[in-house]
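Encoded as structure tokens, the structure appears first; notes follow it.
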2 protein chains.
Amino acid sequence: MTQAASLSQFRTGVAGGPSLAACAALAQSLRLGAGEIAPLPRGKSALVHIVSGAAKLVAQAAAEREQVTAFNFAGDLVLVPGSGPHAYVLHSLVECELTVFPYEALREVVADDPAILARLLDNCDAALGRCREKALMIGRKTASERMAGFLVMMAARIGVPHGDMTLLDLPMSRRDIGDSLGLTIETISRQFSLLRDDHMIATEGRSKVMLLDFAGLRARAGHLAEAPAAFSSEFALDQC
Amino acid sequence: MTQAASLSQFRTGVAGGPSLAACAALAQSLRLGAGEIAPLPRGKSALVHIVSGAAKLVAQAAAEREQVTAFNFAGDLVLVPGSGPHAYVLHSLVECELTVFPYEALREVVADDPAILARLLDNCDAALGRCREKALMIGRKTASERMAGFLVMMAARIGVPHGDMTLLDLPMSRRDIGDSLGLTIETISRQFSLLRDDHMIATEGRSKVMLLDFAGLRARAGHLAEAPAAFSSEFALDQC
DNA sequence: CGTGTTATTGAGTTGTATCAATCCCAGTGG
DNA sequence: CCACTGGGATTGATACAACTCAATAACACG
């Protein structure tokens, strides 16, 4: 039961509140193929639990001008805004299992359940923190720094340790990365080439990237220090 | 009593929960002159209530490379992150009265108070929505669109209606605006001049801006439609 | 009425976008 | 198993929006 898995995400680990059953009534399971758009109710916000797979949350400024707000992987909770200055859609990157909760209705149901509210707040805090970091990255960093920052973030999310190196199998295209970092597909490609020339990464095929010099990448990203636990939380809403 | 004013912000309007007294014990009042940095505990997150005045939340990438994450005005709640890939500071723009709550401690105190948690979550949702809009703005819009978007946002925040026009008295410098939009001070100045040439604004002194054509500005910003209520909420955390 | 700070304007530079031409890979079907 | 094929990726040439440097102007303050 994928819904059961999603509901268990709301528990704090101590005990399920009395509103869990009510949440279950709201939940809707969904299965998407690769590259599909999640069919969410228009005009209403949705809280989406990624049971398996990977997706991107996209803000649409215009045709050919999209901003990837966040990449999301199995276990993530994504809040998809239903209204605002721009439209948001959730795209699957690979085959996905999702559980969708109408957000406003969910909030009413859990209004008296401090454990679930606290859980949601924790994740909203984390998402806000990452979104702010992203704004800084896009607003005040060079293409080279953004690229390094992206790889460091992805390593924390889906990196597989290989000795002192990290292997990434990126489910997103160069275009997706560009739309996430506010750069073009060509600039992304050039940055990959530069990182390869500098022996900081090695690539294989379109998607596999081996991080050869993690400290070097972090330095290039211009981070203060190692990212804190909140940025690699298992139960993380809205990963960037 | 400014602390009393801050605490009242946590109530939902129905009734104060039992944890309000505990919140009061954590609160610390602060008064800043113009252009000061709020002395917040290092390494810990703080929730700051702007009782009066105006402030900016700044993320520091490096010297001369700062990103203004949000501008905040009287009534706002700002969550200042204590740790992360970059350092954050809260700068006053004018004389300010603040109430500071250590965020982690506050969260423990209100852990069983669903009303306050819901309030905090509402505001975190709103802040996340605005931060996402900002990321889109910085990542995928031209200088002209960003400038227009900034003025539209400020109008919703501190605009004073004058007939069918809106008067702004901006408390921030051109540098602050540039640091907020990911542009330089010179580009901001040139955009002001262009908007003046196009008869969309009129300026007086450094800080006063009259918006002559609000619909035109919103069109230039590339927004879908009118900004929803959530973006001009009275009780708004972390206004961008 | 100075005086220092902030804003404006101009001239030139640069990083990234754009346009365009291969190249490479992952499927697909023979 | 291998050639075919089409979309993504890479690389190069050029354009342009915003940055940088610099000089002047406007404002706010004492």
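Chain identifiers are assigned alphabetically (A, B, ...) following the order of the sequence lines, protein sequences preceding nucleic acid strands; residue numbering begins at 1 within each chain.
- Protein atom CD of A/E186 is 17 Å distant from nucleotide atom P of D/dG7, rounded to whole Å.
- A/F71 is not listed as a side-chain neighbour of A/M153, based on a closest heavy-atom distance of 4.5 Å or more.
- The stretch residues 138-149 of chain A participates, sequence neighbours left out, in these salt bridge (charged side-chain N to carboxylate O under 4.0 Å, His left out) pairs: A/R140-B/D179, A/E145-B/R65.
- Listed by chain and residue number, A/Q60 satisfy the side chain to side chain donor-acceptor pair (under 3.5 Å) test with A/E66 (two or more places apart in sequence, or in another chain).
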Distances under 3.5 Å between protein N/O atoms and the N/O atoms of nucleotides 25-30 of chain D, please, pair by pair.
| from | atom 1 | to | atom 2 | distance (Å) |
| --- | --- | --- | --- | --- |
| D/dC27 | O2 | B/R206 | NH2 | 2.9 |

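- Scanning residues 187-198 of chain B for heavy-atom distances under 4.0 Å to DNA chain C yields B/S189, B/R190, B/S193, B/R196.
- Here the P atom of nucleotide D/dT24 and the CD1 atom of B/I185 are 18 Å apart, to the nearest Å.
- Proximity of B/L195 to B/T203: side-chain heavy atoms (C-beta onward) are nowhere separated by under 4.5 Å.
- Here the side chains of B/F73 and B/I50 are not in contact, with every heavy-atom distance at 4.5 Å or above.
- In the region residues 165-175 of chain A, proximity to DNA chain C at under 4.0 angstrom, judged on heavy atoms, holds for none of the residues.
- Under the ring pair (Phe, Tyr, Trp, His ring centres under 6.0 Å) criterion, A/Y88 pairs with no residue at all, not counting sequence neighbours.
- D/dA17 atom C1' lies 17 Å from atom CE of B/M147, rounded to whole Å.
- Atom CZ in A/R218 sits 10.0 Å away from atom CG in A/D213 (nearest 0.5 Å).
- Applying the side chain to side chain contact (heavy atoms under 4.5 Å, CB included) test to B/A38 and every residue at least two apart in sequence or in another chain returns B/L32, B/L40, B/L90, B/L98.
- Atoms CE and NZ, from B/M172 and B/K56 in turn, are 9.5 Å apart once rounded to the nearest 0.5 Å.
- Side-chain contact between A/S52 and A/E95 is absent, with no heavy atoms from C-beta onward closer than 4.5 Å.
- Overall, the helix from C/dC1-D/dG30 to C/dG30-D/dC1 carries an axis bend of 40° between its ends, with five pairs at each end and the value rounded to 10°.
- Here A/G35 lies out of heavy-atom contact (under 4.0 Å) with every strand.
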Derivation and outcome, side-chain contact (heavy atoms from CB on, under 4.5 Å), residues A/L211 and A/V209: CA-CA 6 Å; A/L211 308 186; A/V209 181; 3.9 Å; yes

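- Remark: B/V94 engages B/A54, B/P171 in a side chain to side chain contact (heavy atoms under 4.5 Å, CB included) (not counting sequence neighbours).
- At the heavy-atom level, A/G178 lies nowhere under 4.0 Å from the strands shown.
- Qualifying salt bridge (Lys or Arg N to Asp or Glu O under 4.0 Å) partners for B/R220, counting only residues two or more places apart in sequence or in other chains: B/D198.
- Shown here are the side chain to side chain contact (heavy atoms under 4.5 Å, CB included) partners of A/T187, two or more places apart in sequence or in another chain: A/A143, A/L183, A/T184, A/Q191.
- Using a 4.5 Å heavy-atom threshold, the side chains of A/I158 and A/D169 count as separate.
- A 4.0 Å heavy-atom criterion places the boundary nucleotides of DNA chain C facing chain B at C/dT5 to C/dA11, written 5' to 3'.
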